[in-house]
Amino acid sequence: MVRRQVREIIREACDRCKGSGFLPREIELDPIIETPRDQEHGDYSTNIAFLLASKVRKNPQEIARFLVEHMDFEKVCDKVEVAAKGFMNFYVKDAVWRDTLKRVSDEGLDSMFPNVGDGRKVLIEFVSSNPTGPLHIGHGRGAAVGDVLANVLMKTGYVVVKEYYVNDAGKQIDTLGQSTYARWRELEGHPIPFEEHFYQGDYVKDIAALLAERRDSIPPHKDEAIRFMARFASDEVMCGIERDLADFGVVFDNYFRETRLYENGEVDETLKTLEAQDYAYEKDGALWFRTGLFERDEDRVLVKSDGEKTYFASDIAYHKNKFERNFDLLIDIWGSDHHGYIPRLRASLEALGKDKESLKVLLIQFVTLLKDGKPVGMSTRSGQFTTLKEVLDEVGRDAARFFFLMRKSDAHLEFDLDLAKKTSNENPVYYVQYAHARIESIFRVAMDEGIEAASLRDADVGLLTLKDEIALIKGILTFFDVVEGSARSLEPHRITFYLLDLVGRFHSYYNKTRVIGDDRGVTLARLLLLDMLRQVIRSGLSILGVSAPERM
RNA sequence: GCGCCCAUAGCUCAAUUGGAUAGAGCGCUGGACUUCGGAUCCAAAGGUUGCAGGUUCGACUCCUGCUGGGCGCACCA
């Protein structure tokens, strides 16, 4: 908003300088307008003089001075300074900040989010955990990142579809069937060896117990029984996964089953296409994809010599299917242990004539759970993993989601269970939520004193004259920049950091300044400020999927 | 052996994507409640950004080489 006005001022000045012959007419620049971290350097600054310096072979400072002389900034800025090195610093008028706040208040938050997506369609595929066991903590992090990223993109003008890819075909489902069968035989008193590669978790026993209750529906022959149990168990596990996700506040638009790709013949069709273009070849009785043609990676098997298709084969078909559904952007969110898989998938998309740049893969690093300051071990095979459900039961949805978004997704995350449970100042979730509850409380008091919510419309923002108040306004308005940056960089964790910073300013302001006082005009103006603040906190928390309580 | 990611205050992490004097929280030390919620605030201490070069007006950020950690390198998914 204000940034755009500053950009316009710079553009005008450049045009004027071109007219005067100082700058060559053909020069085109898109200057970066940034907010300096040091307040002393103004509200915005630009590096345009440095960019021009190399093109017109003049001193950056000289260019900056000349630009400022030809600049018509009085409407927006008190002053524009040229710093020693050549930065141009813009000092925005307090009145401009106040008026912008008032405008947001009048027009509503939702109309202020920048339209980054412009209606483009995005498919975000995430979690996609195999239906062979419950979600663990790592899936939880992926779920939080995917869900919040979806919210961010929706706010900024994208049309978003959230999809879960269900690997309900292949060997691991078969193993689940065998594991269930073995547990069932134990229950029936006819145990068979429980092999090491079977799924060890107790949930398999629970499912076997369910089956024991409906013995009649189990086919008599072992192979058929295993197949039946595989289906039954994976459906059961999938139900549990959906339930855990719902408890976590994550709802998918679509569950896409791998078996569907086989049933529709899409896998075979994809393989035929690749073969026809000589991107696939036979060797040693297997069908190989020429990954090396497109990426620095080895050729990979699509069809094994036993005739079985690999996961890679169906995954190519899956991504082809995504493109055919006319998405402009595909986002895959994977565990970072799958990073080696990226080159071959990108290669396959290129082979199919798709733009591989329209696939973005976000990698989620591992989560280490800490309890009593010590890491809690996890391993799917041994059944020792900590499930998402356990963490949710322990710390609650709000803390879990917030904690998952306190780190860049490709950085290791240490999740301190004790800290997440604490209802104290050390817990960052409470720090943010407390600010909201505190503002709500102030409004309750204001109501008691006979101030109507509607009267905020008549508040005179000109009465917000304190330095802290201008700083708060700037903080509030930064929200829209942060959401934009979050969308452009696909980094949802920025929202978390922003909120912590914003409410920090509020708490500080609160401790110094009384909101409700004798002067009704000032009171109203401050209430308007706080109203915008709570709206931004609410909006930010709702993007994170975290509640904004009125009382705590 | 090859590839990807990470390395920043005692600890956990930021740093506007190449910008100005590298910032927060926790912890430590000292302070603030007769008034809107002390689940809060204020102040102080804490750094050769793993090491060595390079690119340029300018590097935590980009390039090269080391060191140390994580993860991959299947006719598994």
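In what follows, chains are A, B, ... by sequence order, proteins preceding strands, each numbered from 1. These values consider heavy atoms only, across backbone and side chains, with no hydrogens, waters or symmetry-generated copies.
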remark   = Side-chain contact check for R344(A): nearest option of C5(B), A77(B), C36(B) is A77(B)
query = Across the strands shown, which category fits S305(A) at heavy-atom distances under 4.0 angstrom: base, sugar-phosphate, nothing?
reply = base
query = Which nucleotide, A77(B), C13(B), U17(B), lies nearest any side-chain atom of S489(A)?
reply = U17(B)
ask   = Between the main-chain N or O of S336(A) and the side-chain N or O of H339(A), is there a donor-acceptor pair closer than 3.5 Å?
value = yes
key: Nucleotide of A74(B), G37(B), C5(B) approaching V445(A) most closely (side-chain heavy atoms)   = G37(B)
Test: K356(A) and E295(A) ion pair at under 4.0 Å = yes
query = Between R534(A) and E440(A), does at least one N-O distance fall below 4.0 Å, as a salt bridge requires?
reply = yes
ask   = Which part of the nucleic acid, if any, lies within reach of F443(A) when heavy atoms closer than 4.0 Å are counted: base, sugar-phosphate only, or nothing?
value = nothing
request  = Examine C76(B): is either OP1 or OP2 under 4.0 Å from a nitrogen or oxygen in the side chain of K304(A)? Give yes or no.
outcome  = yes
ask   = Between F256(A) and Y164(A), does the ring centre distance come in under 6.0 Å?
value = no
task = Could you tell me whether H338(A) contacts a base, only the sugar-phosphate backbone, or nothing, with contacts defined as non-hydrogen atoms closer than 4.0 Å?
result = base
inquiry  = Tell me whether Y510(A) and C41(B) count as stacked here, given that the ring centres must be under 5.5 Å apart and the planes must differ by less than 30 degrees.
reply    = no
ask   = So, are R494(A) and E491(A) salt-bridged, with charged N and O less than 4.0 Å apart?
value = yes
task = Check the distance between A32(B)'s C1' and Y509(A)'s OH and give it to me in whole angstrom.
result = 19 Å
request  = For F402(A) and U12(B), give me the distance from atom CZ to atom P, rounded to whole Å.
outcome  = 20 Å
ask   = If the C1' atom of U29(B) is compared with that of G70(B), how far apart are they to the nearest Å?
value = 37 Å
ask   = The side chain of N47(A) lies closest to which of these nucleotides: A20(B), G19(B), U17(B)?
value = G19(B)
message = Base, sugar-phosphate or nothing for P36(A)? Non-hydrogen atoms, less than 4.0 Å.
response = base
inquiry  = Using a heavy-atom cut-off of 4.0 Å across all strands, would you classify E440(A) as base, sugar-phosphate, or nothing?
reply    = nothing
message = Students often get this wrong, so: under 4.0 angstrom with heavy atoms, is D416(A) touching a base, only sugar-phosphate, or nothing?
response = nothing
message = Applying a 4.0 Å non-hydrogen cut-off, can you work out what D410(A) is touching in the nucleic acid: base, sugar-phosphate, or nothing?
response = sugar-phosphate
ask   = Counting any heavy atom closer than 4.0 Å, what does K422(A) reach on the DNA or RNA strands: base, sugar-phosphate only, or nothing?
value = nothing
query = On a whole-Å scale, what distance lies between the P atoms belonging to C66(B) and A77(B)?
reply = 36 Å
